[in-house]
Colleague: 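This is the structure, below, for whatever I ask next.
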Amino acid sequence: MAALKGKVALVTGAGGMRGVGRATALKLASQGADVAVTDIRRGAEDLPPAEVRTEWGGIEAVAGEVRSLGRRCLPIYCDLARANQIEDTVSRVVEEFGRLDILVNNARAIIGRDRVPVTELSREVWDHFMAINSTAVFLCTKAAGREMVRLGNGGRIINIASNAAKQASALGAAYSASKFAVIGLTQASALDLAPHGITVNAVCPGSINSGRLSYWERSRAEEEGVSLDALRAGILETASKAIPLGRVAESEDVANMVAFLASEDAGYITGQAYNVNGGLLFH
Ligand SMILES: NC(=O)c1ccc[n+]([C@@H]2O[C@H](COP(=O)([O-])OP(=O)(O)OC[C@H]3O[C@@H](n4cnc5c(N)ncnc54)[C@H](O)[C@@H]3O)[C@@H](O)[C@H]2O)c1
């Protein structure tokens with residue numbers, strides 16, 4: 001299937017071995033798109049243990065996988081806390097490929113340090129979550145949106161939000177607030193960019209089996225004397241029981257929705273926030 005043949009996509013935070021970013025990059029490439037993938041360089045202490053154990057190659061590995069599908073891939077290290085790096089990234093993509101059709105704002109702040117009552121939440125953690133989960137989505141939208149307008153081919157901007165963008169939980173003030181902001185940004189950007197044929201939508205996943213690192217889960221595993229993988233398996237099993245479809249999402253479930261929103265078939269859809277949550281939440 002080559003529904004995206006000739007298109008160029010930029011996917012942020014795509015270096016995780018089982019993450020939504022990698023699954024999305026591969027899905028878009030399998031449909032014919034050339035892809036730029038970004039991530040931050042993380043030390044072993046900030047990586048999921050499985051990625052350290054297997055010496056996973058991050059965005060370079062994903063680039064290899066995209067190329068093996070016969071598509072071009074540009075891996076770029078970009079710290080989304082730095083506005084200048086975001087602008088440089090978008091410029092590099094357009095220089096390399098001559099166009100930019102699809103932006104997927106997927107990266108997020110590494111979770112865990114935010115998981116405290118609001119009265120215990122540090123200003124530093126709050127600011128970091130806002131910087132990566134909200135402000136960087138704005139800056140990427142601005143930089144990529146400007147290029148899409150200039151190039152005149154229309155475009156697709158897809159923001160990975162969350163269940164937590166619609167329904168907050170206890171210990172989730174920074175994460176939820178940063179993801180609620182993404183919904184507002186999605187709606188306003190959709191209106192601003194509609195005259196240019198650029199759609200802007202959000203995807204709201206529930207729990208995903210993405211293999212991501214959580215500092216909170218790591219501390220809990222240490223306290224309980226179990227491996228992080230074992231703790232995570234228990235959390236996923238409990239979460240699965242609460243989900244009508246009986247399992248948490250795989251990263252590919254989310255990537256499938258992104259690919260649809262990136263396609264020509266989704267050309268009349270903008271400003272929406274689609275749930276991919278196994279029936280957990282309806283609004
Ligand atoms: N995993 C879940 O259960 C879940 C649930 C709902 C929504 N989501 C959303 O789905 C998306 C993907 O989730 P995931 O679990 O694959 O993500 P993840 O936690 O593995 O993080 C995605 C990527 O963001 C990158 N990143 C972190 N800080 C960065 C920075 N400063 N600059 C650039 N990149 C940075 C990480 O290196 C990582 O590769 C996120 O937006 C997340 O909020 C995830």
Side-chain angles (χ1 to χ4, degrees), residues 10-25 37-48 50-51 56-62 75-83 85-86 89 104-114 125 127-137 139-140 158-169 172 174-183 186 202-218 232 235-236 239-240 243 247-255 257-258 273-278 280-281:
L10 166 60
V11 184
T12 66
M17 187 167 73
R18 289 173 42 213
V20 172
R22 168 180 172 253
T24 298
V37 287
T38 81
D39 213 332
I40 194 173
R41 290 183 198 274
R42 291 199 267 169
E45 67 287 357
D46 290 330
L47 285 168
E51 293 187 22
W56 171 246
I59 48 173
E60 309 283 350
V62 176
I76 304 173
Y77 288 98
C78 168
D79 182 350
L80 293 169
R82 310 286 179 107
Q85 292 191 20
I86 292 175
T89 294
V104 184
N105 283 307
N106 168 73
R108 67 161 165 191
I110 300 174
I111 54 171
R113 296 197 171 119
D114 60 309
V125 169
D127 284 347
H128 182 63
F129 272 64
M130 290 298 166
I132 307 304
N133 295 2
S134 311
T135 305
V137 178
L139 293 171
C140 288
I158 299 150
N159 299 323
I160 310 300
S162 174
N163 246 30
K166 296 183 172 185
Q167 175 71 58
S169 337
Y175 187 65
S176 247
S178 70
K179 290 291 188 177
F180 266 70
V182 169
I183 303 294
T186 299
V203 178
C204 297
S207 281
I208 310 166
N209 185 20
S210 70
R212 84 282 190 282
L213 177 69
S214 158
Y215 296 124
W216 180 80
E217 287 170 8
R218 192 168 63 188
R232 182 90 191 116
I235 289 173
L236 290 177
S240 298
I243 297 169
R247 64 173 177 87
V248 301
E250 296 299 325
S251 289
E252 289 72 18
D253 293 310
V254 181
M257 174 59 92
V258 175
Y274 286 101
N275 297 334
V276 178
N277 63 19
L280 196 60
L281 186 76

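The analysis underlying the following values was restricted to heavy atoms, covering all of them including side chains, and did not include hydrogens, waters or symmetry mates. As the structure lists them, so they are numbered: ligands from 1, and atoms in each ligand from 1. Just so you know, these numbers come straight off a predicted model, no measurement behind them.
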Colleague: Nearest protein heavy atom to atom 35 (C) of ligand 1, by residue and atom, and its distance?
Modeller: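 Result: Ile40 CG2, 3.8 Å.
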Colleague: Any nitrogen or oxygen of Lys179, main chain or side chain, under 3.5 Å from a nitrogen or oxygen of ligand 1?
Modeller: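 In this structure, Lys179 places an N or O atom under 3.5 Å from an N or O of ligand 1.
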Colleague: Atom CD1 in Ile76, atom CD1 in Ile86: separation rounded to 0.5 Å?
Modeller: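 One gets 12.0 Å once the value is rounded to the nearest 0.5 Å.
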Colleague: Look only at interatomic distance and state if Ile110 has a nitrogen or oxygen under 3.5 Å from any nitrogen or oxygen of ligand 1.
Modeller: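 Looking only at distances, the answer is no, because the N/O contact criterion of under 3.5 Å is not met.
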Colleague: Please confirm whether Ala161 comes under 4.0 Å of ligand 1, counting heavy atoms of the residue only.
Modeller: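 Flag set, Ala161 near ligand 1.
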Colleague: Taking atom CZ of Arg82 as the centre, report whether more than 12 heavy atoms of other residues, nucleotides or ligands fall under 6.0 Å from it.
Modeller: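 Check fails, neighbour count at 12 or below.
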Colleague: Give yes or no for whether the N/O distance cutoff of 3.5 Å, strictly under, is met between Leu213 and ligand 1.
Modeller: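 No; the residue has no nitrogen or oxygen that sits under 3.5 Å from a nitrogen or oxygen of the ligand.
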Colleague: Heavy atoms, side chains only, cut-off 4.5 Å: are Val104 and Ile160 in contact?
Modeller: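 Side-chain contact under 4.5 Å: yes.
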Colleague: Does Gly21 have a heavy atom less than 4.0 Å from any atom of ligand 1?
Modeller: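 Judged by the 4.0 Å heavy-atom criterion, Gly21 does not count as contacting ligand 1.
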Colleague: If the cut-off is 4.0 Å to any non-hydrogen atom of Ser207, which atoms of ligand 1 fall inside it?
Modeller: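 Checking each atom against Ser207, I get 3 (O).
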Colleague: Looking only at protein heavy atoms, identify the closest one to atom 3 (O) of ligand 1 and say how far it is in Å.
Modeller: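 Ranked first by proximity to atom 3 (O) of ligand 1 is Ile208 N, 2.9 Å.
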Colleague: Would you mind listing which atoms of ligand 1 come within a distance below 4.0 Å of any non-hydrogen atom of Gly19?
Modeller: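 Result: 16 (O).
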Colleague: For Glu45 and Tyr215, what are the C-alpha separation, side-chain angles and deciding distance, and is it a side chain to side chain contact (heavy atoms under 4.5 Å, CB included)?
Modeller: CA-CA 10 Å; Glu45 67 287 357; Tyr215 296 124; over 6 Å; no
Colleague: Just which atoms of ligand 1 are under 4.0 Å from any heavy atom in Ile160?
Modeller: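 Ligand 1 atoms under the 4.0 Å threshold to Ile160: 9 (C), 10 (O), 11 (C), 41 (O).
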Colleague: Does an N or O from Val20, backbone or side chain, lie closer than 3.5 Å to an N or O of ligand 1?
Modeller: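 For ligand 1, there is an N or O atom that lies under 3.5 Å from one belonging to Val20.
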Colleague: Using distance alone, determine whether Ser210 and ligand 1 share an N or O pair under 3.5 Å.
Modeller: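 Yes; the residue has a nitrogen or oxygen that sits under 3.5 Å from a nitrogen or oxygen of the ligand.
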Colleague: For side chain to side chain contact (heavy atoms under 4.5 Å, CB included), just list the numbers for Arg247 and Asp253, CA-CA rounded to whole Å, side-chain angles, deciding distance to a tenth of an Å, and then say yes or no.
Modeller: CA-CA 11 Å; Arg247 64 173 177 87; Asp253 293 310; 2.8 Å; yes
Colleague: Hey, is the main chain of Ala161 close enough, under 3.5 Å, to the side chain of Asn159 for a donor-acceptor pair?
Modeller: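 Here the side-chain-to-backbone pair does not exist.
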Colleague: Within the 4.0 Å heavy-atom shell around Asp79, which atoms of ligand 1 are there?
Modeller: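 With Asp79 as reference, the close atoms of ligand 1 come out as 30 (C), 31 (N), 32 (N).
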Colleague: Dump the intermediate steps for side chain to side chain contact (heavy atoms under 4.5 Å, CB included) on Thr89 and Leu10, then the final yes or no.
Modeller: CA-CA 9 Å; Thr89 294; Leu10 166 60; 4.2 Å; yes
Colleague: Output yes when a side-chain donor or acceptor of Gln85 lies under 3.5 Å from a complementary backbone atom of Asp79, and no otherwise.
Modeller: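 The answer is yes, because a donor-acceptor pair under 3.5 Å joins these two groups.
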Colleague: Under 3.5 Å, is there a donor-acceptor pair between the side chain of Thr12 and the main chain of Ala107?
Modeller: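 Flag set: sc Thr12 to bb Ala107 pair under 3.5 Å.
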Colleague: I'd like to check which ligand 1 atoms, numbered from 1 as shown, lie under 4.0 Å from a non-hydrogen atom of Asn106.
Modeller: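 Near Asn106, meaning under 4.0 Å from one of its heavy atoms, ligand 1 has 11 (C), 12 (C), 40 (C), 41 (O).
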Colleague: Please could you name the atoms of ligand 1 that Cys78 approaches to less than 4.0 Å, counting only its heavy atoms?
Modeller: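 Ligand 1 atoms under the 4.0 Å threshold to Cys78: 32 (N), 33 (C).
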Colleague: Just to check, does Arg18 reach to within less than 4.0 Å of ligand 1 when the distance is taken from its heavy atoms?
Modeller: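 The answer is no: ligand 1 sits nowhere under 4.0 Å from a heavy atom of Arg18.
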Colleague: Going by the atom numbers of ligand 1, which of them fall below 4.0 Å from some non-hydrogen atom of Gly13?
Modeller: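 With Gly13 as reference, the close atoms of ligand 1 come out as 22 (C), 23 (C), 24 (O), 39 (O).
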Colleague: Regarding Glu217 and Arg212, does a basic nitrogen lie under 4.0 Å from an acidic carboxylate oxygen?
Modeller: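 Counted as a salt bridge, because a side-chain N and a carboxylate O are separated by less than 4.0 Å.
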Colleague: Given Tyr175 and Val125, is the side chain to side chain contact (heavy atoms under 4.5 Å, CB included) satisfied, shown in steps?
Modeller: CA-CA 10 Å; Tyr175 187 65; Val125 169; over 6 Å; no
Colleague: Closest by any non-hydrogen atom to atom 5 (C) of ligand 1: pick that one out of Gly206, Ala81, Ser162.
Modeller: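 Of the listed residues, Gly206 has the closest heavy atom.
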Colleague: As a check for students: among Arg108, Arg42, Gln85, Arg22, identify the option with a heavy atom nearest to atom 42 (C) of ligand 1.
Modeller: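 Comparing heavy atoms across Arg108, Arg42, Gln85, Arg22, the nearest one to atom 42 (C) of ligand 1 lies in Arg108.
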Colleague: How close do Asn105 and Cys140 get, heavy atom to heavy atom, and via which atoms?
Modeller: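 So the two residues come closest at OD1-CB, 3.2 Å.
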Colleague: So which bit of Tyr175 gets within less than 4.0 Å of ligand 1, heavy atoms only: side chain, backbone, both or neither?
Modeller: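 Answer for Tyr175: side chain.
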Colleague: To the nearest 0.5 Å, what is the distance between OG on Ser176 and CG on Asp114?
Modeller: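 One gets 9.5 Å once the value is rounded to the nearest 0.5 Å.
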Colleague: Please state whether Ala136 comes within less than 4.0 angstrom of ligand 1, counting heavy atoms only.
Modeller: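 No, Ala136 has no heavy atoms under 4.0 Å from ligand 1.
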Colleague: Could you check atom 20 (O) of ligand 1 against the protein and tell me its nearest heavy-atom contact, residue, atom and distance included?
Modeller: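 Of the protein heavy atoms, Arg212 CB, 3.3 Å lies nearest.
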Colleague: What protein heavy atom lies closest to atom 32 (N) of ligand 1? Include the residue and the distance to one decimal.
Modeller: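 Result: Leu80 N, 2.9 Å.
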Colleague: Among all the protein's non-hydrogen atoms, which is closest to atom 36 (C) of ligand 1, and how far away is it?
Modeller: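 Result: Asp39 OD1, 3.3 Å.
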Colleague: Can you tell if the side chain of Cys204 reaches within under 4.5 Å of the side chain of Ile183, non-hydrogen atoms only?
Modeller: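 Yes, close enough: below the 4.5 Å cut-off.
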